[in-house]
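Heavy atoms only: backbone and side chains are in, while hydrogens, waters and symmetry mates are out.
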Amino acid sequence: MRYWCMPNRSLAVLCGVLLCAVMAVAAWARPLPHPVLNASAIATVLRDGTIQVSVHHDALAFAMNDLPGRIDDAQMMGLLRGPREDLQGALEAGRARFEKQLEIVVDGAPVAASILSAPTVEQAETWRDSGARPVLPVKLDFIARAGLPAGAKKFAIRFPEMMGDVVITVQTPGAEPLAANVRAGERSEEYAFALDAPRIPGTVTPEASGGVSPLPAAATPVVGSTRSGLGFVRMGFTHIIPEGLDHILFVLGLFFLSPKIRPLLIQITCFTLAHSVTLALSVRGVISLPSSVVEPAIAASIAFVAIENICTQKVHAWRPAIVFGFGLVHGLGFASSFAEAMNGQKVPLGPVLLFNVGVEAGQLTVVAAALLAVGWFQAKPWYRGRIAIPASVLIAGMGVFWVVQRVFFP
């Protein structure tokens, strides 16, 4: 095994400066856990002529009228641990906004919805007091119900924009449950229903389950339309770009050892196969690891590939095997985000596959961007010293920082 050493002192000084800079930026930035979806929902058309909508969301961010990705964790913790009356006031304001902004449209006309349940101070305090260091987000539920006009045939929903994208599971009488992705602030596609459709055996009604509307015991949601399918592809893509900085840095770590197409494609293929396997197995409940293990492992994988880039000049035989192993870990990270979207329901394989397609599109976009930016210079004698090594130092610095952050300051 032949290792590379820095050719001169100036390059060592440059890498040291870059490392200090990235550590300073990382220390200033908010913690970066694996991105999760902001909200998920279940919409159930009941045979009594009503529709019930249950929304599982980031209660503190919505109470503060902001998106989870934009608001600082310290602000949410300040509200959670601050005066009780402030928390109560924010939750009540959130309830009023939800009631005003939730839009249920039946056959093209809006219908009024009443709130059956909303996040309470007691629920938030229970979350706060559940451990010495409560982990954000605080996910709680809104439940609303609206009457359906006689002869109604289809409905659509618009959720409050500050809930971000919402993954919705739609249950209608006599039909398979559908899964769809609704973009922030946009109205969903229309979902057809028939109140006189034959009953699905094993269906549990909301009335029999305390107001919650779970799926039938044997039912798994399916993708209902092309628009729904593209929504899951887009969800996977945005999980990488712009939300998945850790995954972006891992892919760049693979690129900077050798931007040549063949070895890069071998590594990307190994990574893809591995995370596809664990994504599918994890969302089906076959394997599971806590995020306290998965997130530091993802960060460690980033640091490892970047440090190896600094120490060696070529793709050794073991590199694809190591990348495959790291891909298994990254797949568990993808799965945690997707499972969050399904709100505790059975996870459908169709949306999982489409989500994975989006993830792959995001990763290939990262590779294409890197090739366009610096791939032209790979044959230059100065490419490794001036581009690949400094970039790998930056990536390694972020990876090490995230390992420490996710282990000791989750």
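With hydrogens and angles disregarded, no donor-acceptor distance shorter than 3.5 Å links the side chain of Thr172 to the backbone of Phe193. Within the 3.5 Å criterion, the main-chain N or O of Leu372 finds a donor-acceptor partner in the side chain of Trp376. Formation of a donor-acceptor pair under 3.5 Å by the Thr312 side chain with backbone atoms of Glu308 is not found in this model. Looking at Arg406, its side chain does come within 3.5 Å of a backbone N or O of Glu295 through a donor-acceptor pair. Formation of a donor-acceptor pair under 3.5 Å by the Asn309 side chain with backbone atoms of Gly253 is found in this model. In this structure, His57 contributes its side chain and Phe62 its backbone to no donor-acceptor pair below 3.5 Å. Side chain of Thr238 to backbone of Ile241: no donor-acceptor contact under 3.5 angstrom is found. Asp58 places no side-chain N or O within donor-acceptor distance of the main-chain N or O of Pro137, the cut-off being under 3.5 Å. In this structure a side-chain-to-backbone donor-acceptor pair under 3.5 Å is present from Thr269 to Leu265. Counting only distance, with no hydrogens or angles, the side chain of Thr169 and the backbone of Ala179 share no donor-acceptor pair below 3.5 Å.
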>> Between Ile395 and Leu252, is the side chain to side chain contact (heavy atoms under 4.5 Å, CB included) condition met? List the steps.
In response: CA-CA 8 Å; Ile395 294 170; Leu252 289 176; 4.0 Å; yes
>> Test side chain to side chain contact (heavy atoms under 4.5 Å, CB included) on Trp402 and Leu249; report intermediate values, then the result.
In response: CA-CA 12 Å; Trp402 285 334; Leu249 292 185; 3.7 Å; yes
>> Could you walk me through whether Ile302 and Met398 satisfy the side chain to side chain contact (heavy atoms under 4.5 Å, CB included) test, starting with their C-alpha distance in whole Å, then the side-chain angles of each, then the deciding distance to 0.1 Å, before giving a yes or no?
In response: CA-CA 8 Å; Ile302 297 167; Met398 290 300 295; 5.7 Å; no
> Going through the distances and angles, do Glu92 and Arg97 end up as a salt bridge (charged side-chain N to carboxylate O under 4.0 Å, His left out)?
Replying inline: CA-CA 9 Å; Glu92 289 176 353; Arg97 282 197 310 275; over 6 Å; no
> Stepwise, does the side chain to side chain contact (heavy atoms under 4.5 Å, CB included) test hold for Ile42 with Ile168?
Replying inline: CA-CA 6 Å; Ile42 302 174; Ile168 182 172; over 6 Å; no
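You'll find the side chain of Leu148 stays beyond 4.5 Å of the side chain of Val111, heavy atoms only. Taking the side chain as every heavy atom from C-beta outward, Leu257 and Gln313 never approach each other to under 4.5 Å. Side-chain contact between Lys154 and Val106 is absent, with no heavy atoms from C-beta onward closer than 4.5 Å. Side-chain atoms of Phe256 and Val374, non-hydrogen and from C-beta on, do get closer than 4.5 Å to each other. Looking at heavy atoms from C-beta onward, Ile157 lies out of side-chain contact with Val105 at the 4.5 angstrom threshold. For the pair Thr120 and Leu91, the minimum side-chain heavy-atom distance is 4.5 Å or more. Counting heavy atoms from C-beta on, the side chains of Thr278 and Val329 never come closer than 4.5 Å. At a threshold of 4.5 Å between non-hydrogen side-chain atoms, the residues Val45 and Gln171 do not count as touching.
Between Glu190 and Lys153 there is no salt bridge, since no side-chain nitrogen of the basic residue lies less than 4.0 Å from a carboxylate oxygen of the acidic one. Classification of Arg158 and Glu186 as a salt-bridged pair fails, no side-chain N sitting under 4.0 Å from a carboxylate O.
Of all non-hydrogen atoms in Ala124 and Leu80, the two that sit nearest each other are O-CD1, 3.6 Å. Of all heavy-atom pairs spanning Ser188 and Val182, the tightest one is CB-CG2, 3.7 Å. Considering every non-hydrogen atom in both Pro390 and Gly385, the closest pair reads CD-O, 3.3 Å. Contact between Asp107 and Ala152 at its shortest, heavy atoms only, is OD2-CA, 3.1 Å. Between Ala396 and Ala306, the closest heavy-atom pair is N-CB, 3.5 Å. What you find for Val403 and Ala300 is that their closest heavy atoms are CG2-N, 3.4 Å.
Residues Asn356 and Ser276 have side chains that bring a donor and an acceptor to within less than 3.5 angstrom of each other. For the residue pair Glu360 and Gln363, a side-chain donor N or O sits within less than 3.5 Å of a side-chain acceptor on the partner.
Classification of the Phe250-Phe326 ring pair by plane angle, with boundaries at 30° and 60°, yields perpendicular.
Residue Arg84 qualifies as enclosed at atom CZ: its count of foreign heavy atoms under 6.0 Å is above 12.
Aromatic pair Phe232/Phe355: centroids not less than 6.0 angstrom apart. Ring-centre distance between Tyr191 and Phe155: below the 6.0 Å cut-off. Ring centroid separation for the pair His275 and Phe271 comes in under the 6.0 Å cut-off.
The distance from the NE2 atom of His316 to the CD1 atom of Ile322 is 10.0 Å, given to the nearest 0.5 Å. The CG atom of Leu279 sits 8.5 Å away from the CG atom of Leu353 when rounded to the nearest 0.5 Å. Annotation: the span from Ile387 atom CD1 to Ser392 atom OG amounts to 11.5 Å, rounded to 0.5 Å. Here CE of Met77 is found 8.5 Å from CG of Leu60. Values are rounded to the nearest 0.5 Å. To the nearest 0.5 Å, the span separating CG on Asp165 from CG on Leu67 amounts to 9.0 Å. The line from CG of Leu332 to CG of Leu281 is 9.0 Å long, rounded to the nearest 0.5 Å.
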